[in-house]
Amino acid sequence: MRRQHLGTVLLIASAFTGTLAFKLATPAVAFYTRDILKASMAYLSIISASFILARSFSALFSGLLLEKRKSLVYLGAIAMAGNALAVNLYPLTSSWLHVMGIKLMNGLLNGITWPIAQFVIAISSPKEIRSRVTALYFLSGNFAGLLGNYTYAITQDFGLKGQMYLSSFFFFLTALCMLVSYWLLYEGIVPKREKGMKESKPSLNAKKILMLSALISFLTAFTSGEITYVYVAETLNLDKGTGATLIGIIGFMATILAYIPSRIADLGDERKVIITVSILAGMSPLLAAVKNPVTVSLGILMAIFAAQTFRPISRSLLASARRASAAIGGVNAVRNLSTTAGQLVFGFAYSLGEVVIAGIILKGALLIFVPASLLLFRIAVEHRD
């Protein structure tokens, strides 16, 4: 039992250090690409999309691979160490295409690393507290998101090279935490249940979870990656550090709030929670489209809250499936593909500028998401009972 507790704590710690490394690198690379390499918002959306697209394919691959041989769980730690090396290539770039190439590499490595970690944390936790333990894992990561954005803000004098050295250190530390955690939890890892083994039936089937994941990820994509930092800074006329800090604070608040529904989910009310977050996800881009500090912040808060609430609960539900590792890898792949699509739509629609309705200034790029919001509302209403 002590091995299980220590392994779980280390894996939760890895979510913190890994996200800290990633959140320090993301705004640094975003503003370097925008300001130094003079990339357009469309190119920034392609860079973000390339990362997520690569992550989606390797996420599915890692889940299927783990079914073949349990010992490949250690591949997640090795891939994380690869991230530590890859980020040091960013200061050497002279074109947005070079940045995209490194982002592709980061995406492939992250797609191997994080689905394995999410699978292990879910499968190793007792069912009666699984949603809460998984939520703590994501909470740890999002607290690091706040600290990572703040770290970026106070390390701008380091230059891109110095910031990447710091990011690399935390990636290596994450790899070490994962390696030890997987060794401690190894006996309890069951990637695929054999026929005849007990399999509990989730309140929502895998197909429904995948469909909701696709829509929620698409609609909340505007809060992910490089484009978010630029959108907030330019829309609200903030400096880079202030914009990054604001996004970090909002993300942390959303994730703190997202822990509350995990308690409700553990009591068996997953369906009600998922319907609620679906409605919030649908409303979020519409609210953030209003050019005002309050509405933009609230829209981002709702989007992150919906995404962060849905992630641990969906993983908790899928951990009960017979092919748990493949199911969790699959939902990661769907989430990443949908986020890619959402970021591309947002990035290319950014040039639409602003429209004024009844004296209210609206960003056209986010109004594009209205049809998807209506579709999600319809699905939520149809399955409320």
Side-chain angles (χ1 to χ4, degrees), residues 1-22 55 58-86 106-127 129-144 168-194 197 311-312 314-316 318-333 336:
M1 187 61 69
R2 289 184 63 186
R3 286 175 63 96
Q4 182 182 10
H5 289 164
L6 180 57
T8 300
V9 168
L10 283 173
L11 204 50
I12 291 173
S14 75
F16 177 87
T17 55
T19 305
L20 178 62
F22 180 73
R55 190 173 64 181
S58 58
L60 182 59
F61 173 74
S62 67
L64 295 172
L65 195 65
L66 198 55
E67 285 188 341
K68 304 299 180 183
R69 183 177 297 178
K70 188 170 75 168
S71 60
L72 291 175
V73 70
Y74 293 111
L75 187 61
I78 296 171
M80 183 56 72
N83 268 323
L85 300 175
N106 282 145
L108 290 170
L109 294 169
N110 276 277
I112 294 171
T113 296
W114 294 118
I116 289 177
Q118 292 168 20
F119 161 71
V120 173
I121 197 76
I123 202 72
S124 301
S125 305
K127 189 176 186 303
I129 60 169
R130 184 175 291 161
S131 291
R132 277 170 285 173
V133 172
T134 310
L136 276 176
Y137 167 86
F138 286 111
L139 176 63
S140 174
N142 282 276
F143 177 68
S168 180
F169 167 76
F170 284 111
F171 274 131
F172 269 122
L173 185 59
T174 304
L176 181 61
C177 287
M178 287 180 168
L179 187 67
V180 177
S181 175
Y182 296 153
W183 176 71
L184 292 170
L185 298 173
Y186 192 77
E187 290 184 7
I189 297 174
V190 184
K192 182 179 179 180
R193 291 176 172 83
E194 300 300 328
M197 290 181 69
R311 276 206 297 173
S314 62
R315 273 56 168 186
S316 176
L318 292 174
S320 300
R322 189 170 72 86
R323 300 183 63 187
S325 67
I328 291 176
V331 78
N332 271 278
N336 290 319

Using atom types as modelled and distance alone, determine if a side-chain donor or acceptor of [X] lies under 3.5 Å from a backbone N or O of [Y].
{"X": "Q4", "Y": "S124", "value": "yes"}
{"X": "S181", "Y": "C177", "value": "no"}
{"X": "S140", "Y": "A13", "value": "no"}
{"X": "T113", "Y": "G76", "value": "yes"}

Please name the pair of heavy atoms, one in [X] and one in [Y], separated by the smallest distance, quoted to 0.1 Å.
{"X": "G18", "Y": "F171", "result": "O-CE2, 3.8 Å"}
{"X": "G111", "Y": "S58", "result": "CA-OG, 3.1 Å"}
{"X": "W114", "Y": "T174", "result": "CH2-CG2, 4.4 Å"}
{"X": "A77", "Y": "A175", "result": "O-CB, 3.4 Å"}

- prompt: Partners of F22 by ring pair (Phe, Tyr, Trp, His ring centres under 6.0 Å), sequence neighbours excluded?
  reply: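 Testing F22 for ring pair (Phe, Tyr, Trp, His ring centres under 6.0 Å), a comparison that skips the adjacent residues, returns F51.
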
message: Tell me whether the rings of Y182 and Y74 are parallel (<30°), tilted (30 to 60°) or perpendicular (>60°).
response: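 Aromatic pair Y182/Y74 classed perpendicular.
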
Point-to-point distance, once rounded to the nearest 0.5 Å, from [atom1] of [X] to [atom2] of [Y]:
{"X": "T134", "Y": "L139", "atom1": "OG1", "atom2": "CG", "result": "12.0 Å"}
{"X": "N110", "Y": "N83", "atom1": "CG", "atom2": "CG", "result": "4.5 Å"}
{"X": "F143", "Y": "L20", "atom1": "CZ", "atom2": "CG", "result": "9.5 Å"}
{"X": "I116", "Y": "I121", "atom1": "CD1", "atom2": "CD1", "result": "14.0 Å"}
{"X": "L185", "Y": "H5", "atom1": "CG", "atom2": "NE2", "result": "10.5 Å"}
{"X": "S14", "Y": "L173", "atom1": "OG", "atom2": "CG", "result": "9.5 Å"}

Does some side-chain heavy atom of [Y] sit less than 4.5 Å from a side-chain heavy atom of [X]?
{"X": "I112", "Y": "L108", "result": "no"}
{"X": "S71", "Y": "Y186", "result": "yes"}
{"X": "T8", "Y": "L11", "result": "no"}

query: Are R3 and W183 in a cation-pi setup, meaning NZ or CZ lies under 6.0 angstrom from the ring centre and within 45 degrees of the ring axis?
result: yes

query: When you look at F172 and M80, which way does the side-chain contact (heavy atoms from CB on, under 4.5 Å) test go after all the steps?
result: CA-CA 7 Å; F172 269 122; M80 183 56 72; over 6 Å; no

